[in-house]
Amino acid sequence: MPKLAKSVAEIGNKLTRPIGDDKILVFNSEIANIPGIVRLTLGEPDFNVPEHVKEAAIKSIEDNQSHYTPQKGIPGLRKAISNYLAKDYDVHYDPETEVIVTIGATEAIYTSLSTIMNHGDKILVPTPAFSIYMDDIELLGGEAVEIDTSKDDFKLTPAKLKEVMAQEPDAKAIIMNYPSNPTGVVYSKEELVALADVIRDQSLYVISDEIYSQLVYGEKHVSFAKVLPEQTILINGLSKSHAMTGYRIGYIAAPKEFVDQASKVHSFTVTCPSNPAQFAAQEALQNGLDDPIEMRKTYKKRRDYVVKEMNELGYKTVTPEGAFYVFPAIPKEFGLTSDEFCRKLATEGKVGVVPGDAFGAAGEGFFRVSYATSMENIQEAMKRLKAFTAKLL
């Protein structure tokens, strides 16, 4: 066999800039083998997929639904998505021309960025934020402009947005994610309107990742597409609402002009999602709109318990109003970075959480706790965190 003239890395770096690993997954893997550790690291619902949804997937196999589907997704699912968005959020999309079924919200984000970005483009990202946004932007040869929200209770303010937009007039888009991973914050309609007023009529897309929209504990979720439909690329999916993470069904809903181009990126990248997953998602949206209710009640009980315990132990946190994460601050008197604290907690306290710097520079000094696990695990973790904290004080 002839020797390769260049390494894979040398060839690849001509196509994209070198990127780092996903720190959330890397850190979780590094601590996974610590004996007896309780991990509150990943955003993986501990519920099972509803039975009627599983049956729809099985039926699609039995009915020999095994061929390529339309690249935008099966018509019944696109219609179900359109009806769901209209009923729950009062946003309206033509299922034929304004909806794409994707391989989870992850592909929806990548496809959306790929559609609008050229090499060197800048994307605004309020941080702390899910690390995949920055990773995708870097992979596509762009630059993520992080907007630090840590001094504003993790919410982007119109004043800060206006300031950054003036500094970055050529930015292509801003990525909004709420309920937020990792902070759990949500935006009211009034807050969204104020942000929309800053963006309206500017050459700026809003990529609004609303994957946790069914896990809101207070006032009903308001979509960014409700206040700025003509500039919003709405991303959502079934992973969190119906515990269907492994089914990998997400979707993009956006104006036709954008979807016309995004559907090409999507089809060239993945062709189409799998049949069983699409038919399962269609069933979930047609007959399972109440499925998230009990999950949401359970998550809220866990949220209340974790926030109470954190506050009593001296870990200041903004109370999350959605999703299933808490993002507490590390007491400054500990003198530890996010990474140092979380490694020490894992090795000595036998509790796994994610360092805040995995979510951007604004996350330094914090850590993320996922309560998408059993109350038994959460209670044991809080018991261990209490003992660990006592040793540091």
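- Remark: Arg343 engages Glu30 in a salt bridge, criterion side-chain N to carboxylate O under 4.0 Å.
- In this structure, CD1 in Ile100 is found 7.0 Å from OG1 in Thr115, a value given to the nearest 0.5 Å.
- Between the Asn275 side chain and the Ile61 main chain, no donor and acceptor come within less than 3.5 Å of each other.
- Nearest heavy atoms, Ala129 versus Pro126: CB-O, 3.3 Å.
- Residues Ile37 and Val351 form no side-chain contact, since every pair of their non-hydrogen atoms from C-beta on lies 4.5 Å or further apart.
- Here NZ of Lys162 is found 11.0 Å from CG of Leu195. Values are rounded to the nearest 0.5 Å.
- His242 places a side-chain N or O within donor-acceptor distance of the main-chain N or O of Gly288, the cut-off being under 3.5 Å.
- Listed here is the closest heavy atom pair of Ser180 and Pro128: OG-O, 4.5 Å.
- Shown here for Tyr178 and Glu210, the closest heavy-atom pair between the two residues is OH-OE2, 3.6 Å.
- Applying the 6.0 Å contact sphere to CD of Gln167 captures more than 12 heavy atoms from other residues, nucleotides or ligands.
- Asp148 places no side-chain N or O within 3.5 Å of a backbone atom of Ala362 that could act as its donor or acceptor partner.
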Tell me, with the steps shown, if Tyr93 and Leu85 meet side-chain contact (heavy atoms from CB on, under 4.5 Å). CA-CA 8 Å; Tyr93 294 95; Leu85 291 174; 3.9 Å; yes
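- Using a 4.0 Å cut-off between a side-chain N of Lys or Arg and a carboxylate O of Asp or Glu, Asp90 and Lys226 qualify as a salt bridge.
- No side-chain heavy atom of Val318 sits under 4.5 Å from any side-chain heavy atom of Thr183.
- The same ILVMFWY cluster, assembled from side-chain heavy atoms under 4.5 Å apart, contains both Met375 and Tyr371.
- Within the 4.5 Å cutoff, side-chain heavy atoms of Leu113 are placed close to those of Ile207.
- Looking only at side-chain heavy atoms (C-beta outward), Thr337 and Asp357 stay at 4.5 Å or farther from each other.
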For a ring-ring contact (aromatic ring centres under 6.0 Å, His included) check, start with the C-alpha distance between Tyr89 and Tyr84, then their side-chain angles and the critical distance, and finish with the verdict. CA-CA 8 Å; Tyr89 306 120; Tyr84 161 71; 5.6 Å; yes
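- Considering all non-hydrogen atoms of both residues, Thr232 and Leu228 come closest at OG1-O, 2.6 Å.
- Looking at Gln231, its side chain does come within 3.5 Å of a backbone N or O of Asp201 through a donor-acceptor pair.
- Taking the ring-ring contact (aromatic ring centres under 6.0 Å, His included) definition, one finds that Tyr325 meets it with Tyr212, sequence neighbours left out.
- Within the 3.5 Å criterion, the main-chain N or O of Lys350 finds a donor-acceptor partner in the side chain of Arg384.
- Comment: Arg200 engages Asp197 in a salt bridge, judged by a side-chain N to carboxylate O separation of less than 4.0 angstrom.
- For the pair Lys59 and Phe279, the NZ or CZ position fails the cation-pi test of under 6.0 Å to the six-membered ring centre and within 45 degrees of the ring normal.
- Within a 6.0 Å sphere centred on NZ of Lys220, other residues, nucleotides and ligands contribute more than 12 heavy atoms.
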Test side-chain contact (heavy atoms from CB on, under 4.5 Å) on Ile211 and Lys240 and set out the steps. CA-CA 7 Å; Ile211 191 69; Lys240 313 303 181 180; 3.7 Å; yes
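- Remark: Ile252 CD1 to Glu107 CD distance equals 6.5 Å, nearest 0.5 Å.
- Note on Ile109 and Val265: separate hydrophobic clusters, where clusters join Ile, Leu, Val, Met, Phe, Trp and Tyr whose side-chain heavy atoms are under 4.5 Å apart, directly or indirectly.
- Around atom CG of Asp63, more than 12 heavy atoms belonging to other residues, nucleotides or ligands sit under 6.0 Å away.
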Can you list the steps and then say if Thr389 with Tyr315 is a side chain to side chain donor-acceptor pair (under 3.5 Å)? CA-CA 10 Å; Thr389 303; Tyr315 295 94; 2.6 Å; yes
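- Annotation for Glu219: atom CD does not count as buried by contact number, only 12 or fewer foreign heavy atoms lying within 6.0 Å.
- When the shell of 6.0 Å around NZ of Lys344 is examined, it contains 12 or fewer heavy atoms from other residues, nucleotides or ligands.
- His266 places a side-chain N or O within 3.5 Å of a backbone atom of Gln71 that can act as its donor or acceptor partner.
- Placement of Met165 and Leu192 within a single hydrophobic cluster is found when ILVMFWY residues are connected by side-chain heavy-atom separations under 4.5 Å, directly or transitively.
- Defined by atom type and a distance below 3.5 Å, a donor-acceptor pair is present between the side-chain atoms of Asn236 and Ser213.
- Atom CZ of Phe268 has 12 or fewer neighbouring heavy atoms from other residues, nucleotides or ligands inside a 6.0 Å radius.
- With rounding to the nearest 0.5 angstrom, the NE2 atom of His52 is 8.5 Å from the CD atom of Glu55.
- The closest side-chain donor-acceptor pair between Ser66 and Asn64, if any, does not fall under 3.5 angstrom.
- In summary, the aromatic rings of Phe327 and Phe154 are positioned with their centroids under 6.0 Å apart.
- Under 3.5 Å, the side chains of Ser338 and Glu364 contain a donor-acceptor pair of N or O atoms.
- Asp291 and Gln214 share no side-chain donor-acceptor pair at under 3.5 Å.
- Between Pro331 and Gly314, the closest heavy-atom pair is CG-O, 3.8 Å.
- Here the straight-line distance linking atom OG1 of Thr111 with atom CD1 of Ile235 works out to 8.5 Å at 0.5 Å rounding.
- Note on Phe366: it clusters hydrophobically with Val125, by side-chain heavy-atom contacts below 4.5 Å among ILVMFWY residues.
- Remark: side-chain polar atoms of Gln278 are not paired, donor with acceptor, to backbone N or O of Gly76 under 3.5 angstrom.
- Side chain of Arg78 to backbone of Gly73: a donor-acceptor contact under 3.5 angstrom is found.
- Panel note: side chain Gln65, backbone Ser60; no donor-acceptor pair is recorded below 3.5 Å.
- Considering every non-hydrogen atom in both Ile31 and Ala346, the closest pair reads CG2-CB, 3.8 Å.
- Aromatic ring centres of Tyr133 and Phe359 lie farther apart than the 6.0 Å criterion allows.
- With rounding to the nearest 0.5 Å, the separation of CD1 in Ile175 from OG in Ser208 is 10.5 Å.
- Between Arg296 and Val216 there is no side-chain heavy-atom pair separated by less than 4.5 Å.
- By the 6.0 Å contact criterion, NZ on Lys160 is open, its count of non-hydrogen atoms from other residues, nucleotides or ligands being 12 or less.
- There is a path of hydrophobic side-chain contacts, each under 4.5 Å, that joins Val369 to Leu336.
- Neither side chain, Asp94 nor His92, offers a donor N or O lying under 3.5 Å from an acceptor on the other.
- Remark: side-chain polar atoms of Ser263 are paired, donor with acceptor, to backbone N or O of Asp260 under 3.5 angstrom.
- With salt bridges taken as basic N to acidic carboxylate O contacts below 4.0 Å, none links Glu98 and Lys256.
- Remark: the Asn377 side chain and the Arg39 side chain contain no N/O donor-acceptor pair separated by less than 3.5 Å.
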Assess the residue pair Phe367 and Phe341 against the criterion (ring-ring contact (aromatic ring centres under 6.0 Å, His included)); give the C-alpha distance rounded to whole Å, side-chain angles, the decisive distance to 0.1 Å, and a yes or no. CA-CA 9 Å; Phe367 61 99; Phe341 173 83; 5.0 Å; yes
